[in-house]
Amino acid sequence: MQGLAGRLAHLGGLRLTADFRLVESWPSENSEQVYRADAEAVDAALEETRAQAVVAVSSTVYDEEDADHEDGTRPYPPGVFLPLDGGSGWFHPVPGAGHRPGAVVRGPYPMPSGGWVPEPRDGLEAVVLFPPDGDPVPADAAAVRSASPAELARWRYAEVDLREHRLSRGVTGDQEVAWRVDDPVRAAAHPGADPAGTLAAEVSEALHLGEDLAAALARVTLPGYAVRRVTGSGDGG
């Protein structure tokens, strides 16, 4: 699995599952026994984790890997492989190139098979959809409601973090600067934006030049984001 996340970038957003199975055969009896993870459970793990890829192993393969370590150590650290529903095996989700740790806009990803629209994980996340031709739209847009599952299967989607974030005091000195997404669709249209990096650079330059911080922040252009200076009372300024 080493390096797999980086290699997924060459798939152009396609999603995949890879399963490792054990086959025992008896040529004299013209028979064989296949030990593999349940395919439906593997597909479900891919959808539920929203990963770009899932590596699955059957329970038999996983147990034999354990048995090969006579010193009692496990072949993988805890949490690398998760149990599949039904107990037929274990899986490891691979986020792929569309996922950046700490990213506010995650994706866009291929739509789940069947064309169903992913739901936000909680009230601090929004889902934005990308039609094959056209601008992104909210998940509850009329264009989404009127599209058939077959049409939606050709779309892509992004997850947008709506929480407020603050720059480190090491960057802003004795002042605090906060930012959040206030327009998920506009933010999703610019998935490569780096609000933290952009603000950090602007604030650092303003402090170095002795410039008013509010004036410096007003120059920042981050489509879909709201930026504020945090006062002592916690209100914006």
Colleague: Taking C-beta and beyond as the side chain, do Val57 and His92 meet within less than 4.5 Å on heavy atoms?
Modeller: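 With C-beta onward as the side chain, the pair stays apart.
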
Colleague: Does some side-chain heavy atom of Leu162 sit less than 4.5 Å from a side-chain heavy atom of Pro184?
Modeller: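 A side-chain contact exists here, since the closest heavy-atom pair is under 4.5 Å.
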
Colleague: Looking only at non-hydrogen atoms, find the nearest pair between Phe20 and Val61 and report the distance.
Modeller: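 Closest approach of Phe20 to Val61, heavy atoms only: O-CG2, 3.9 Å.
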
Colleague: I need the minimum non-hydrogen distance between Leu199 and Val227, along with the two atoms involved.
Modeller: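 Leu199 and Val227 have their closest heavy atoms at CD2-CG1, 3.9 Å.
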
Colleague: Could you tell me whether Arg228 and Glu164 make a salt bridge, using a distance below 4.0 angstrom between a side-chain N and a carboxylate O?
Modeller: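 A salt bridge is present here (some side-chain N lies under 4.0 Å from a carboxylate O).
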
Colleague: Listed by chain and number, what are the side chain to side chain donor-acceptor pair (under 3.5 Å) partners of Arg154, not counting sequence neighbours?
Modeller: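 Arg154 satisfies side chain to side chain donor-acceptor pair (under 3.5 Å) with no other residue.
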
Colleague: Can you tell me if CZ on Arg219 sees more than 12 non-hydrogen neighbours from other groups inside 6.0 Å?
Modeller: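 Yes, enclosed.
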
Colleague: So, Arg156 side chain and Pro108 main chain: donor-acceptor pair closer than 3.5 Å or not?
Modeller: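 Yes, Arg156 side chain to Pro108 backbone: donor-acceptor pair under 3.5 Å.
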
Colleague: Could you walk me through whether Val54 and Val94 satisfy the side chain to side chain contact (heavy atoms under 4.5 Å, CB included) test, starting with their C-alpha distance in whole Å, then the side-chain angles of each, then the deciding distance to 0.1 Å, before giving a yes or no?
Modeller: CA-CA 6 Å; Val54 159; Val94 184; over 6 Å; no

Colleague: Could you check Thr198, Asp194, Val181 and say which one makes a side-chain contact (heavy atoms from CB on, under 4.5 Å) with Leu222?
Modeller: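 One option only clears the test, and that one is Thr198.
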
Colleague: Go through the structure and list residues passing side chain to side chain contact (heavy atoms under 4.5 Å, CB included) with Glu40, not counting sequence neighbours.
Modeller: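 Once residues adjacent in sequence are excluded, the partners of Glu40 under the side chain to side chain contact (heavy atoms under 4.5 Å, CB included) criterion are Asp38.
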
Colleague: Kindly give the heavy-atom pair with the smallest separation between Leu152 and Met111, and that separation in Å.
Modeller: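 Result for this residue pair: O-CG, 3.2 Å.
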
Colleague: So which heavy atom on Arg186 is nearest to which on Gly224, and how close?
Modeller: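 Taking every non-hydrogen atom into account, CB-CA, 3.8 Å.
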
Colleague: Backbone N or O of Glu32 within a donor-acceptor pair of the Ser25 side chain at under 3.5 Å?
Modeller: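 Flag not set: sc Ser25 to bb Glu32 has no pair under 3.5 Å.
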
Colleague: Can you name the closest pair of heavy atoms from Ala37 and Ala56 and give their distance?
Modeller: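 In this case the closest contact between Ala37 and Ala56 is CB-CB, 4.4 Å.
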
Colleague: Using side-chain heavy atoms (C-beta onward) and a distance below 4.5 Å, is Glu125 in contact with Glu119?
Modeller: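 SC-SC contact between Glu125 and Glu119 ruled out.
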
Colleague: Would you say Val160 and Val127 make side-chain contact, with heavy atoms under 4.5 Å?
Modeller: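 They are not in contact (no side-chain heavy atoms under 4.5 Å apart), so the answer is no.
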
Colleague: Does some side-chain heavy atom of Arg106 sit less than 4.5 Å from a side-chain heavy atom of Asp161?
Modeller: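 Yes. Closest side-chain heavy atoms under 4.5 Å.
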
Colleague: Would you compute the distance between atom CH2 of Trp26 and atom OG of Ser31 and round it to the nearest 0.5 angstrom?
Modeller: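 Reported value, rounded in 0.5 Å steps: 6.0 Å.
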
Colleague: With rounding to the nearest 0.5 Å, note down the distance linking CG in Leu46 to CZ in Phe91.
Modeller: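 Atom-to-atom, Leu46:CG and Phe91:CZ are 9.5 Å apart.
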
Colleague: Is any side-chain heavy atom of Arg36 closer than 4.5 Å to a side-chain heavy atom of Asp19?
Modeller: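 Contact flag for Arg36/Asp19 side chains = yes.
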
Colleague: Transitively linked via ILVMFWY side-chain contacts under 4.5 Å: Leu84 with Leu82?
Modeller: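 Cluster IDs for Leu84 and Leu82 match.
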
Colleague: Tell me if the aromatic rings of Trp90 and Tyr62 count as close, with their centers under 6.0 Å from one another.
Modeller: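 Centroid separation for Trp90 and Tyr62: below 6.0 Å.
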
Colleague: Is the shortest side-chain N to carboxylate O distance from Asp182 to Arg180 below 4.0 Å?
Modeller: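 Answer for the salt bridge query: no.
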
Colleague: Less than 4.5 Å apart, any side-chain heavy atom of Tyr225 and any of Val104?
Modeller: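 Yes, close enough: below the 4.5 Å cut-off.
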
Colleague: Decide yes or no for Val137 and Trp155: does some side-chain heavy atom of the first lie under 4.5 Å from some side-chain heavy atom of the second?
Modeller: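 With C-beta onward as the side chain, the pair touches.
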
Colleague: Which heavy-atom pair separates Phe130 from Ala188 by the least distance, and what is that distance?
Modeller: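 Residues Phe130 and Ala188, closest heavy atoms: CZ-O, 3.3 Å.
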
Colleague: Throw together a table of side-chain donor-acceptor distances under 3.5 angstrom for residues 139-149, partners on residues two or more places apart or in other chains.
Modeller:
residue	atom	partner	partner atom	Å
Arg145	NH1	Asp140	O	2.4
Ser146	OG	Ala142	O	3.1
Ser146	OG	Ala143	O	3.3
Ser148	OG	Glu151	N	3.2
Ser148	OG	Glu151	OE1	3.4

